[in-house]
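Data block below; observations after.
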Number of protein chains: 2
Amino acid sequence: MLTQTAIRSNSNHQFASARAATPVLHRMTGDSERGSLGETMQLMGATMSYPRNTEIFGENEPADYVYKVVSGAVRTYKILTDGRRQVGSFYLPGDIFGLQFADEHVFSAEAITDTKVVVIKRSALTSLAGRDASVSKELLNLTSRELQRMQDRVLLLVKSAQERVASFLLEMAERACANNIVELPMSRQDIADYLGLTIETVSRTLTCRETSCTIEVPSSRRIVLRNRTALNRLNA
Amino acid sequence: MLTQTAIRSNSNHQFASARAATPVLHRMTGDSERGSLGETMQLMGATMSYPRNTEIFGENEPADYVYKVVSGAVRTYKILTDGRRQVGSFYLPGDIFGLQFADEHVFSAEAITDTKVVVIKRSALTSLAGRDASVSKELLNLTSRELQRMQDRVLLLVKSAQERVASFLLEMAERACANNIVELPMSRQDIADYLGLTIETVSRTLTCRETSCTIEVPSSRRIVLRNRTALNRLNA
DNA sequence: CGACCATTTGATATGGATCAAGCGATGTGG
DNA sequence: CCACATCGCTTGATCCATATCAAATGGTCG
């Protein structure tokens, strides 16, 4: 439990500075927001691009901004004292992140693939919330949903490896799925660190599901769900 | 992983109906709220009593109320499909619970010991929040803090048994400690279900810490912290 | 005192981690 | 265009932390 092959994430911070604005207005696929907040952010915020594996913000940095994914994918994570990495969440297009209302970020955030986000000052958002009850309501809703997701994580983390992986696939299917084909932007290591397992276990579990014809894995980042019922059963 | 000695929580629902009002105004020890919300609830809400092990609300019931613990202690939990129980959170005097902004409760809630809570209609709270920006801000703060706690839980659940128990003791020490003496309202089973371990492992881990003089366990519900530094080290 | 329950302690089993090697895709330099 | 290094992933063998099974102990209430 205590040792694990050290730190594997290799962020190249040299790219972390952003290229400037040109707001992007097309609406992406994610469903993380129905209300005005997403649009508000896209109107008021600046678009920034982050190449693959670059840092968006770091743990303990002041949490001055809120982000919305336009394209690509983001992971938040924390390096534990023993060197292991725990992934907090994955964010896909449409998702809003950086909402933690602490002064400092608790997690770091990195682009998983080349990613565009819109950024807005938290202060702008909170002052807007002070004037507009609907904005503040939406902030609360978003935070509640995030809380909900974290509660689900807690439930997930006490289950067996099979169950965790099944849950993960179903979760991703909810969020980024075109007729049962799930495209995973993240590596096995990311998945493992998200589920609290090792890459070996994730890999083995997937091949096991494949053998039982529950899924197909045509390429490592693409998974076809053959039998959702079976996955749901595992999901417990 | 899949089997576990079935369902151990023995709620006697016959007591679940509440004795009526008589609002209690004295402020309790918990620190879950600094702002006006706690006071507002105590002024507007009704006080209810729940004997030990009775249900306060059930999973899938409409989430119409928000609760504040006046005295006693509360656990929220969920029974998983395989019969295991996962404890979501413990709430101590001063803590507010039932905040989830879903229409239905995701967890059930039970009194751990004889417990008094004040109850307020969620609708009253949200309409108040619509009028008063400071209330809505506080709701957001409370929810954020709950989110924060859940994130900590996630980090906790990927650690070793030693670390989980150490973290738990330190968490409880933060919340219900008089000069290093922690009074635990909950059973070993509650702790185990909270930490995602078995009672045996929790018990063994505690005796191990006791042997190493990090803690003392004069009675099973009372733990004296002898060496916080050592606990913090384990906490990782 | 005796029944009951929570907790501790002991012996054994097992799921997933760890260690180690192989494999396929991608990229790079000659 | 091919040899070769690299990287991400898979597969295999072994080990260990924690679960499971079982029994002893202790505390509480009639």
Side-chain angles (χ1 to χ4, degrees), chain A residues 1-6 8-10 12 52-53 80 82-86 112-113 156-166 184-211 215-223 234 236, chain B residues 1-10 12 52-53 80 82-86 112-113 156-166 184-193 195-211 215-223 234 236:
Chain A
M1 196 57 174
L2 284 167
T3 53
Q4 193 149 347
T5 22
R8 288 120 341 181
S9 84
N10 51 342
N12 339 337
R52 186 170 122 81
N53 286 331
L80 306 181
D82 57 15
R84 276 179 310 149
R85 183 184 69 158
Q86 175 62 32
I112 295 176
T113 59
L156 202 162
L157 288 176
V158 302
K159 300 198 230 164
S160 71
Q162 292 285 350
E163 295 171 307
R164 293 189 213 190
V165 172
L184 301 175
M186 71 290 283
S187 70
R188 293 285 184 272
Q189 188 65 66
D190 287 333
I191 298 172
D193 291 347
Y194 179 70
L195 298 178
L197 300 170
T198 57
I199 35 174
E200 292 95 332
T201 301
V202 171
S203 182
R204 273 187 251 273
T205 305
L206 286 173
T207 42
C208 171
R209 296 290 99 234
E210 193 173 21
T211 310
I215 62 173
E216 261 172 75
V217 189
S219 82
S220 72
R221 301 291 179 101
R222 169 171 310 194
I223 293 184
L234 279 172
Chain B
M1 196 59 177
L2 282 167
T3 54
Q4 193 151 346
T5 23
I7 300 155
R8 288 121 340 181
S9 84
N10 50 343
N12 336 341
R52 186 169 120 81
N53 286 331
L80 306 181
D82 57 14
R84 277 179 310 149
R85 183 183 67 156
Q86 175 62 31
I112 296 176
T113 59
L156 203 161
L157 288 176
V158 302
K159 300 197 231 163
S160 71
Q162 292 285 351
E163 295 172 305
R164 293 189 214 189
V165 172
L184 300 174
M186 70 291 283
S187 70
R188 293 284 183 274
Q189 188 65 65
D190 287 333
I191 298 171
D193 291 347
L195 298 178
L197 299 170
T198 58
I199 37 173
E200 292 95 331
T201 301
V202 171
S203 181
R204 272 187 251 271
T205 305
L206 286 174
T207 41
C208 171
R209 296 290 99 234
E210 193 173 22
T211 311
I215 62 173
E216 261 172 75
V217 190
S219 83
S220 73
R221 300 292 179 100
R222 169 172 309 194
I223 293 184
L234 279 173

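Sequence lines set the chain letters: A, B, ... in the order given, protein chains first and strands last, and positions in each chain run from 1. Side chains included, hydrogens not; waters and symmetry mates left out as well; all remaining heavy atoms used.
At whole-Å resolution of the value, CD1 in B/Ile191 and C1' in C/dA6 are 12 Å apart. Atom CG in A/Asp190 sits roughly 9 Å away from atom P in D/dC9 (whole-Å rounding). Spacing between atom CE of A/Met186 and atom C1' of D/dG8 amounts to 15 Å, rounded to whole angstrom units. Look at CG on A/Asp193: it is 12 Å from P on D/dC9, rounded to the nearest Å. For the pair A/Arg164 CZ and C/dG16 C1', the computed distance is 9 Å after rounding to whole Å. Whole-Å rounding puts the A/Arg52 CZ to C/dT26 P distance at 12 Å. One interatomic measurement links the two molecules: CG of A/Asp82 to C1' of C/dA17, which rounds to 13 Å at whole-angstrom precision. Counting to the nearest Å, the P atom of C/dA6 and the CG atom of B/Leu184 are 16 Å from each other.
A/Glu163 contributes atom CD, which lies 12.0 Å from atom CG of A/Leu157 (distance to the nearest 0.5 angstrom).
Contact between A/Ala192 and A/Thr198 at its shortest, heavy atoms only, is CB-C, 3.6 Å. The two residues A/Met186 and A/Ile112 have their closest heavy-atom pair at CA-CG2, 3.8 Å. Scanning all heavy atoms of the two residues, the minimum distance from B/Leu195 to B/Arg164 falls at O-NH1, 2.7 Å. Looking at every heavy atom in both residues, B/Thr201 comes nearest to B/Thr205 through O-OG1, 2.6 Å. When all heavy atoms of A/Arg209 and A/Gln162 are compared, the closest pair comes out as NE-OE1, 2.9 Å.
In this structure, B/Thr198 reaches the D/dA19 phosphate: one of its side-chain N or O atoms is under 4.0 Å from OP1 or OP2.
Between the side chain of B/Glu216 and the backbone N or O of B/Glu210 there is no donor-acceptor pair closer than 3.5 Å. One N or O on the side chain of B/Arg188 and one on the backbone of B/Ser220 form a donor-acceptor pair closer than 3.5 Å. Between the side chain of A/Arg84 and the main chain of B/Val158, a donor-acceptor pair closer than 3.5 Å is present.
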> How does protein contact run along nucleotides 24-30 of chain D, one letter per nucleotide 5' to 3', with B for base contact, S for sugar-phosphate only, - for none, heavy atoms under 4.0 Å?
Replying inline: -------
Tabulate protein N/O versus nucleotide N/O from nucleotides 8-10 of chain C, keeping only pairs under 3.5 Å, one per line.
from, atom 1, to, atom 2, distance (Å)
C/dT8, OP1, B/Arg188, NH2, 3.2
C/dT8, OP2, B/Arg188, NE, 2.8
C/dT8, OP2, B/Ser203, OG, 2.8
C/dT8, O5', B/Ser203, OG, 3.0
C/dT9, OP2, B/Thr207, OG1, 3.4
C/dG10, N7, B/Arg204, NH1, 2.8
C/dG10, O6, B/Arg204, NH2, 3.1

